[in-house]
Trainee: 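What follows is a structure written as structure tokens; I'll ask about it next.
Every chain is numbered from 1 and lettered A, B, ... according to where its sequence line falls, protein lines coming before strand lines. Only this structure's heavy atoms are used, side chains among them; waters, hydrogens and symmetry mates stay out.
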Amino acid sequence: SQTIHQWPATLVQPVGSPLSLECTVEGTSNPNLYWYRQAAGRGLQLLFYSIGIGQISSEVPQNLSASRPQDRQFILSSKKLLLSDSGFYLCAWRAKRGAYTGELFFGEGSRLTVL
Amino acid sequence: GQQVMQIPQYQHVQEGEDFTTYCNSSTTLSNIQWYKQRPGGHPVFLIQLVKSGEVKKQKRLTFQFGEAKKNSSLHITATQTTDVGTYFCAGPFDGGSQGNLIFGKGTKLSVKP
């Protein structure tokens, strides 16, 4: 069966420090991968998605970047965190399908507090 | 731009009462999905609706997709404390080729025992 791992679960970082969140998927190959952010326990905002190794699309211009160095690994980074980067970051994967969008499978999330 | 809106934002019910959340899209959707997020947890897929006017049931949960495929609803009969959480609807963004999902802001349900 497929599983998705995301870490760290919680982190507190000072403003201006770097960030690296990692996500790996097991049990599937060539998935679409996603990074979402959820601010203040509310809606989900799509930040980045990837359809393959080295292929990253950004949905929202911001202080963050993403990379996909391996088929089932997705990394979210920042060189210098801002206060506004605080939030709950969720990695997700979806199998590639035909005309219809398949369901998303989310990781447990990483709760980031920037002080 | 394309939007998916949900109402209400919050709903407080007494255990045993019914609950409904509504989802409206600014554009016609090829499908709509529903997710549930428990407090402190991550969203979990509940169901996908594809056909116009489709109705699907999962135990006490009834999901409906509108005839025009621009709105949807989730109805919970006789709520229980285990139903607590935030319910999100999501539809594919029609501006790209990947069908990436646009989520509503969710309806947060609290149930008083």
Side-chain angles (χ1 to χ4, degrees), chain A residues 1-7 9-10 21 23 25 30-52 55-60 66 68 74 87-111 113, chain B residues 1-10 21 23 25 29-52 54 56 58 63 65 69 84-110:
Chain A
S1 62
Q2 302 91 355
T3 57
I4 177 168
H5 303 283
Q6 186 179 341
W7 69 92
T10 307
L21 302 178
C23 171
V25 181
N30 197 27
N32 282 0
L33 295 173
Y34 305 84
W35 279 110
Y36 282 87
R37 177 169 60 198
Q38 187 174 34
R42 296 300 289 154
L44 296 161
Q45 180 187 33
L46 178 61
L47 301 177
F48 300 95
Y49 71 93
S50 171
I51 62 172
Q55 300 179 68
I56 308 295
S57 296
S58 173
E59 290 294 306
V60 181
R68 184 171 178 174
F74 207 22
F88 190 44
Y89 289 82
L90 290 154
C91 180
W93 74 273
R94 173 169 70 87
K96 289 186 172 61
R97 297 194 181 186
Y100 298 118
T101 306
E103 63 266 33
L104 285 172
F105 297 92
F106 287 88
E108 299 285 338
S110 298
R111 195 166 301 279
T113 303
Chain B
Q2 184 179 0
Q3 294 184 54
V4 174
M5 296 150 286
Q6 264 185 274
I7 55 169
Q9 287 190 42
Y10 303 93
T21 174
C23 180
S25 170
L29 299 171
S30 59
N31 66 86
I32 195 158
Q33 299 180 16
W34 286 91
Y35 292 78
K36 177 184 178 181
Q37 184 177 24
R38 294 181 185 274
H42 59 281
V44 174
F45 173 80
L46 293 176
I47 207 162
Q48 176 172 283
L49 304 172
V50 176
K51 298 177 182 177
S52 170
E54 189 171 15
K56 286 188 176 181
Q58 291 179 350
F63 303 85
F65 201 8
K69 301 182 76 173
V84 164
T86 301
Y87 294 84
F88 294 96
C89 63
F93 173 60
D94 61 7
S97 61
Q98 295 301 318
N100 293 333
L101 292 175
I102 295 178
F103 282 79
K105 293 190 181 299
T107 296
K108 188 173 183 178
L109 172 65
S110 61

Trainee: Indicate yes or no: at least one non-hydrogen side-chain atom of L44(A) is less than 4.5 angstrom from one of Y35(B).
Mentor: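 Result no, sub-4.5 Å side-chain heavy-atom pair not found.
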
Trainee: Please state whether the side chain, the backbone, both or neither of Q6(B) comes within less than 4.5 Å of a heavy atom of chain A.
Mentor: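 Contact with chain A: none, neither part.
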
Trainee: Roughly how far, to the nearest 0.5 Å, is the CD atom of E59(A) from the CZ atom of F93(B)?
Mentor: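 Interatomic distance, F93(B) CZ to E59(A) CD, rounded to 0.5 Å: 7.0 Å.
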
Trainee: Do Q37(B) and Q38(A) make a side-chain contact, defined as non-hydrogen atoms from C-beta onward lying under 4.5 Å apart?
Mentor: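 A side-chain contact exists here, since the closest heavy-atom pair is under 4.5 Å.
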
Trainee: Can you check whether F106(A) and F45(B) have ring centres sitting under 6.0 Å from each other?
Mentor: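 So the answer is no for these two rings.
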
Trainee: Pick one of side chain, backbone, both or neither for F105(A), based on which atoms fall under 4.5 Å of a heavy atom in chain B.
Mentor: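 Neither; nothing under 4.5 Å.
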
Trainee: Under the criterion side-chain contact (heavy atoms from CB on, under 4.5 Å), I'd like the reasoning laid out for L101(B) against Y49(A): C-alpha separation, chi angles, the key distance, then a yes or no.
Mentor: CA-CA 11 Å; L101(B) 292 175; Y49(A) 71 93; over 6 Å; no

Trainee: For L104(A), which atoms come within 4.5 Å of any heavy atom of chain B: side chain, backbone, both, or neither?
Mentor: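 For L104(A), backbone and side chain are both near chain B.
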
Trainee: Check whether any side-chain heavy atom of R94(A) lies under 4.5 Å from a side-chain heavy atom of N100(B), and answer yes or no.
Mentor: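 Yes - at least one pair of side-chain heavy atoms lies under 4.5 Å apart.
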
